[in-house]
Amino acid sequence: MNASHRVVATETGMIRIYMRPRDRAGTGRTGWFSGGRPLYRELVAQAKAEGLMNAVAHQSHHGYSNHGPIQDDGAESLNPELTMCVELIGTCEQLEGFCGRHGAQLANKVIVYKHLEHWSVSHVGVGAAGRAA
């Protein structure tokens with residue numbers, strides 16, 4: 001049986017940036033009422049503006065970051081200390097540049113890089129009339 005589609009792999013990478021949901025962009029302060037946009041939202045917006053392939057913010061339910069205490073997402077209220085993760089996908093060069101440009105906001109954050117492959121799936125042998133060649 002012949003494959004109707006092929007997979008093309010390209011080198012890419014991912015960083016995960018761990019922070020508290022109350023961390024704010026630009027102010028250097030933390031807290032819900034400390035002014036400034038939430039850092040996780042600012043990082044996602046900047047990633048979009050800089051052309052990164054993917055940017056997602058994840059809220060955790062239970063865990064710890066940077067050797068801190070274990071935090072839990074209680075059923076009664078949102079925990080502003082519970083770790084968030086902003087995940088960015090792009091080339092290694094894009095991600096290094098992003099971290100360099102946003103270093104003031106990323107100082108003292110846990111940042112993890114992982115090498116990945118991005119797979120593109122395309123149809124094999126489609127002619128101009130849409131039939132297999």
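Sequential numbering from 1 along the given sequence is applied to the chain's residues.
- Hydrophobic clustering, with ILVMFWY side chains joined whenever heavy atoms are under 4.5 angstrom apart, groups Ile17 together with Met84.
- Connection of Leu88 to Leu116 is not established within any shared hydrophobic cluster, with ILVMFWY side chains joined at heavy-atom distances below 4.5 Å, either directly or through further cluster members.
- Residues Leu43 and Met19 approach most closely at CD1-CE, 3.5 Å, considering heavy atoms.
- Using a 4.5 Å cut-off on side-chain heavy atoms (C-beta onward), Pro38 and Arg24 make contact.
- By the criterion of side-chain heavy atoms lying less than 4.5 angstrom apart, applied directly or through intervening Ile, Leu, Val, Met, Phe, Trp or Tyr residues, Val86 is grouped together with Ile111 in one hydrophobic cluster.
- Summarising the geometry of Gly51 relative to Gln94, their closest heavy-atom pair is O-NE2, 3.7 Å, with the distance given to 0.1 Å.
- Crowding of Arg6 atom CZ: a count of heavy atoms from other residues, nucleotides or ligands under 6.0 Å not exceeding 12.
- Closest heavy-atom contact between Ala9 and Glu117: CB-OE1, 3.7 Å.
- Taking each heavy atom of Met14 and Leu95 in turn, the nearest pair found is N-CD1, 3.7 Å.
- To the nearest 0.5 Å, atom NE2 of residue His102 and atom CD of residue Gln46 are 4.5 Å apart.
- Residues Val44 and Tyr40 are members of one and the same hydrophobic cluster, defined by side-chain heavy-atom contacts under 4.5 angstrom among Ile, Leu, Val, Met, Phe, Trp and Tyr.
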Practice task
Step by step, work out the side-chain contact (heavy atoms from CB on, under 4.5 Å) result for Lys109 and Leu39.
Solution key: CA-CA 11 Å; Lys109 303 292 184 226; Leu39 179 58; 3.7 Å; yes
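- Placement of Leu52 and Val112 in two distinct hydrophobic clusters is found when ILVMFWY residues are connected by side-chain heavy-atom separations under 4.5 Å, directly or transitively.
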Exercise for the section: Please lay out, stage by stage, how Arg101 and Glu50 fare under the test side-chain contact (heavy atoms from CB on, under 4.5 Å). Expected result: CA-CA 11 Å; Arg101 285 185 295 280; Glu50 294 183 26; 2.6 Å; yes
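- The two residues Cys99 and Ile15 come nearest to each other via the heavy atoms SG-CD1, 3.7 Å.
- Side-chain N or O atoms of Thr91 include none that pairs as donor or acceptor with a backbone N or O of Thr12 at under 3.5 Å.
- Distance CD/Glu11 to CD/Glu93: 10.5 Å, rounded to 0.5 Å.
- Considering all non-hydrogen atoms of both residues, Phe98 and Ala47 come closest at CE1-N, 3.6 Å.
- Proximity of Asp23 to Arg20: side-chain heavy atoms (C-beta onward) are separated by under 4.5 Å at one or more points.
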